[in-house]
Amino acid sequence: MSLSAPSGCPVIIGGGLAGLMTALEMAPEPVVLLSAAPLGCKASSALAQGGLAASIGGDDSPALHLADTLAAGDGLCDEAVARRIIAAAPAAIERLEHFGVAFDRARDGAPQLGLEAAHSRRRIVHAAGAATGSELMRALVAAVRRTASITIVEGFEARRLLVEDGAITGVLAAGASGELSFATGRVVLATGGVGGLFHDTTNPLGCFGQGLALVARVGAELADLEFVQFHPTALDGAQRPMRLISEAVRGEGAVLIDETGRRFLADLPGAELGTRDAVARGVHRHLTRGHRVFLDARACLGAGFAGRFPAISGYCRDAGIDPALDPIPVRPAAHYHMGGITVDADGRSSVAGLWACGEVASTGLHGANRLASNSLTEAVVMAGWVAKSVTASPGMGRKTIAMPSVPMRPDPVLVRSIASPALGVTRDGESLREAALTLLPLAGGASPASDPAAVALMMVVAALRREESRGAHSRADFPLRATVARRSKITLVEALETAAALDATPLARSA
C-alpha cells in the first residue's frame, strides 16, 4: 500500500539523534519520520555515554577544539567543514536544551564539563553522568511526539530507494504488518553506522549499514569507508552489543593494566588519553600477545565510581564486577564509522533529492579518526543545516509509483564472520583480498546477506586500495603513512568491478 502524506512530503529514515533533530528542525514543514523500531529504541544514539564536544569552558575556544579535531583526524579532515561545525557547537547545546535535554551542571549552574582522549580542554557536555544518549532520546522523542507536523511511522524499515532519471522518487518500506511505499522527491537518511557487521561492537546489532546499502543500490558515491573507529575499552564479556566503558572514566584518571598489574601503555603519547586509534591498537597488541587487559579506576574514583558513573557501574555489577574494588576487563570493539555517504556542506548526496545526516554521512569532520564526542555534536549541527536545505528544495508533485518487488529483510550474520577478521583493528592485503572474493557473490545476489555484503565489500575494497596506515586504518603490510593524505571515494559498481578483477588474478589469492 502507499501511505497518504502531503504532496512532496519529505521522508526521514532513522529514529536516532540525527533523524529526530532533523524532523524537529523542519517543523512546521510536514515530514514523515520512518523508524524500523519504536523511536529511541535500537539506535546507537541511545547508548552514547560521553556526550557532546563544545568549546564553552572559560579556558577553551573554537580554535583549540579545531586543533584537537584536526590532530585526531590524522590529515584527512576537511578543515573548512570542521571549522564551521565546531563554531556552531555551543549553539547546538542550547538548541538541545530548548527541546528539553537536561545536561549535568555544577553547583554554580555552569555546565559540568568532562575530559576525553585527545582533547586539550574539558569540553564534553554530558547528562546523567555517562547516560547522555538516554537523556537525549528521552527529551527528543517526547518533543517529536508532540510536534503535529511530524508523521511518525514506526515498525517499518526502508528496503529500497526509488529513483527515476537520477533523482529520488520514493521509498519502499516493509514491516511485520505489510509493505508501504512513499512517493517523495526528498529523502533524508539518518540510519546510523556499521557496527553490526562486527562480532565485537558497541552498536546495536541491527546497525549494519542499511543506509549505505540503500544509497549504494541507486549509485550514490561514498567516502572513507575503510575508517572504522574501535573503542579501546568495551566491557569484555559475552553480551552483544558490548557495554561501553566511557572514555570519560579514563578522563577521570583510570589506567589500563594487564593481569600482572603493569600499566602497559604508560609510554604511549598521551598514555590512556592518547587518540582512540592508538589506544585501541595498543590494547589489541597486548591481547594478541596473550595478555588480558583491564581498566583500573580503583585509585582515582574508588567508592565514588557509582556516583560519578551510575550507568557504567550498573553494567559492571551485572557482570559481577565492582569498579570500586575490581579492575574492569576490556577489549576494543567497533564503535563508530568515520566513512559514509559523500555529502556537501548542507548534507546533500550525489543523488538528487537525497540528503544524509549523522553517522551514515561523511562530512569530512572526522577524517581518519574521530575526536571523541564530536559525533553527537556533528549530528545536531548538521540536522539544522540539512533541515534548511530540504525545506528550501522544491518537492515533486504527487505521482503514483509502481510497487517493485520487496527485497528480503537483510541479515548480517553470515557477513559478520567475513568482515570481522578482515576489517579489524589491524588489516593486511591478503585477508582483505580473500574477504572481497568471498563477499562478491553475496553482494551480487538476492539473499538476506546481499545488502550487508554490499556494504562490507565496499569497505573491504576501500581498505585494500589504501596502501598505508593512517588513523583508524592500520595495515600490517603497509605500516607507514603516505606522504600525501587523500580521502577515498567509491561506488558499489566500482567495488564489484574491483573484486571481480581480483577473482581474475589467481596470483593475488596465492601470493
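- Residue pairs satisfying the salt bridge (charged side-chain N to carboxylate O under 4.0 Å, His left out) criterion with at least one member in residues 316-338, sequence neighbours excluded, are listed as follows: D200-R331, D236-R331, R317-D322.
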Quiz item: Please walk me through it: do S417 and H199 pass side-chain contact (heavy atoms from CB on, under 4.5 Å)?
Solution: CA-CA 7 Å; S417 64; H199 287 305; 4.2 Å; yes
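- Counting only distance, with no hydrogens or angles, the side chain of D477 and the backbone of G429 share a donor-acceptor pair below 3.5 Å.
- Between P410 and P448 the shortest side-chain heavy-atom distance does not fall below 4.5 Å.
- Contact annotation: the side chain of M458 approaches that of L222 to within less than 4.5 Å [non-hydrogen atoms, C-beta and beyond].
- Dense packing is recorded around CZ of R465, with more than 12 heavy atoms of other residues, nucleotides or ligands lying under 6.0 Å away.
- Listed here is the closest heavy atom pair of E25 and A387: CB-CB, 3.6 Å.
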Practice problem: Decide yes or no on side-chain contact (heavy atoms from CB on, under 4.5 Å) for L34 and I12, but give the supporting numbers first. | Solution: CA-CA 6 Å; L34 179 66; I12 299 170; over 6 Å; no
Practice problem: Using the side-chain contact (heavy atoms from CB on, under 4.5 Å) rule, take V249 and F309 through it: C-alpha gap first, then chi angles, then the decisive distance, then the call. | Solution: CA-CA 8 Å; V249 178; F309 299 107; 3.8 Å; yes
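- Annotation: side chain of M137 is not in contact with side chain of E135 (no heavy-atom distance under 4.5 Å).
- With sequence neighbours excluded, the residues that form a ring-ring contact (aromatic ring centres under 6.0 Å, His included) with H231 are H335.
- With respect to the salt-bridge test (charged N to carboxylate O, under 4.0 angstrom), the residues R122 and E116 do not qualify.
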Exercise. Apply ring-ring contact (aromatic ring centres under 6.0 Å, His included) to H291 and F264, showing your working.
Key: CA-CA 11 Å; H291 294 283; F264 61 93; 7.8 Å; no
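- D68 and H119 share no donor-acceptor pair across their side chains, judged by distance under 3.5 Å alone.
- Each of N203, L197, D411, V415 was checked for a side chain to side chain contact (heavy atoms under 4.5 Å, CB included) with F208, and the lone residue meeting it is L197.
- Separation of the F230 and F198 ring centroids falls under the 6.0 Å cut-off.
- With hydrogens and angles disregarded, a donor-acceptor distance shorter than 3.5 Å links the side chain of R470 to the backbone of A482.
- Rounding to the nearest 0.5 angstrom, the gap separating the OG atom in S134 from the CG atom in L47 is 9.5 Å.
- A distance-only check finds no donor-acceptor pair linking the side chain of S488 to the backbone of A462 [under 3.5 Å].
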Practice problem: Kindly determine whether T233 and F294 satisfy side-chain contact (heavy atoms from CB on, under 4.5 Å), including the steps that lead there. | Solution: CA-CA 9 Å; T233 56; F294 301 85; over 6 Å; no
Self-check item: Worked check of salt bridge (charged side-chain N to carboxylate O under 4.0 Å, His left out) between D74 and R481
Solution: CA-CA 10 Å; D74 204 6; R481 289 174 58 193; 3.3 Å; yes
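- N374 and A53 make their closest contact through OD1-CB, 3.4 Å (heavy atoms, listed as atom of the first residue, atom of the second, distance).
- Expressed to the nearest 0.5 Å, how far OG1 of T438 lies from CG of L442 amounts to 8.0 Å.
- Remark: side-chain polar atoms of S362 are not paired, donor with acceptor, to backbone N or O of G339 under 3.5 angstrom.
- A salt bridge links E252 and R308; the closest N-O separation between the charged side-chain nitrogens and carboxylate oxygens is under 4.0 Å.
- Between atom CD of residue Q210 and atom CG of residue L214 there is a gap of 8.0 Å, rounded to the nearest 0.5 Å.
- The backbone N or O of G196 sits less than 3.5 Å from a side-chain atom of R416, completing a donor-acceptor pair.
- Rounding to the nearest 0.5 angstrom, the gap separating the NE2 atom in H337 from the NE2 atom in H366 is 11.0 Å.
- Rounded to the nearest 0.5 angstrom, L256 CG and D296 CG are separated by 9.5 Å.
- Nearest heavy atoms, N369 versus A472: CB-N, 4.3 Å.
- Judged by distance alone, the side chain of R250 and the main-chain N or O of E272 form a donor-acceptor pair under 3.5 Å.
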Ignoring hydrogens and angles, write down the donor-acceptor pairs under 3.5 Å from the side chains of residues 105-114, residues two or more places apart or on other chains.
| unit_1 | atom_1 | unit_2 | atom_2 | d |
| --- | --- | --- | --- | --- |
| R105 | NH1 | G109 | O | 2.7 |
| R105 | NH2 | E97 | OE2 | 2.5 |
| D108 | OD1 | A110 | N | 3.0 |

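- Between the side chain of S35 and the main chain of G14, no donor-acceptor pair closer than 3.5 Å is present.
- Between I341 and L212, the closest side-chain pair of non-hydrogen atoms falls below 4.5 Å.
- Annotation: salt bridge (charged side-chain N to carboxylate O under 4.0 Å, His left out) contacts involving residues 45-62, sequence neighbours excluded, comprise D59-R121, D60-R123.
- A 4.5 Å side-chain heavy-atom check between V228 and L423 finds every atom pair outside the cut-off.
- The OG1 atom of T377 sits 8.5 Å away from atom CG of L96, with the distance rounded to the nearest 0.5 Å.
- Atom CZ of R409 is surrounded by 12 or fewer heavy atoms from other residues, nucleotides or ligands within 6.0 Å.
- Taking all atoms of both residues into account, the shortest heavy-atom contact from M242 to L235 is CE-O, 3.4 Å.
- Using a 4.5 Å heavy-atom cutoff, the side chains of F103 and L52 are in contact.
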Name the atoms and distances for all side-chain donor-acceptor pairs under 3.5 Å in residues 82-91, with sequence neighbours left out.
| unit_1 | atom_1 | unit_2 | atom_2 | d |
| --- | --- | --- | --- | --- |
| R83 | NH2 | E79 | OE2 | 2.7 |
| R84 | NH1 | A345 | O | 3.1 |

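- Salt-bridge annotation for K489 and D224: absent, with no side-chain N of the basic residue lying under 4.0 Å from a carboxylate O of the acidic one.
- Side-chain atoms of R138 do not come within 3.5 Å of backbone N or O of G133 as any donor-acceptor pair.
- Using a 4.0 Å cut-off between charged side-chain N and carboxylate O, E378 and R370 make no salt bridge.
- Shown here for L414 and A449, the closest heavy-atom pair between the two residues is CD2-CB, 4.2 Å.
- Between E154 and R145, at least one side-chain nitrogen of the basic residue sits less than 4.0 Å from a carboxylate oxygen of the acidic one, meeting the salt-bridge criterion.
- Residues L20 and V141 meet the side-chain proximity criterion, which asks for heavy atoms closer than 4.5 Å.
- At least one donor-acceptor pair closer than 3.5 Å links the side chain of T132 to the backbone N or O of A127.
- A donor-acceptor pair is defined here as one N or O able to donate and one able to accept, closer than 3.5 Å; no such pair exists between the side chain of T426 and the backbone of A476.
- For the pair R276 and E247, the minimum side-chain heavy-atom distance is below 4.5 Å.
- Residues passing the salt bridge (Lys or Arg N to Asp or Glu O under 4.0 Å) test with R466 are E226, E468, sequence neighbours excluded.
- Heavy-atom minimum distance, A379 versus G358: CB-CA, 4.2 Å.
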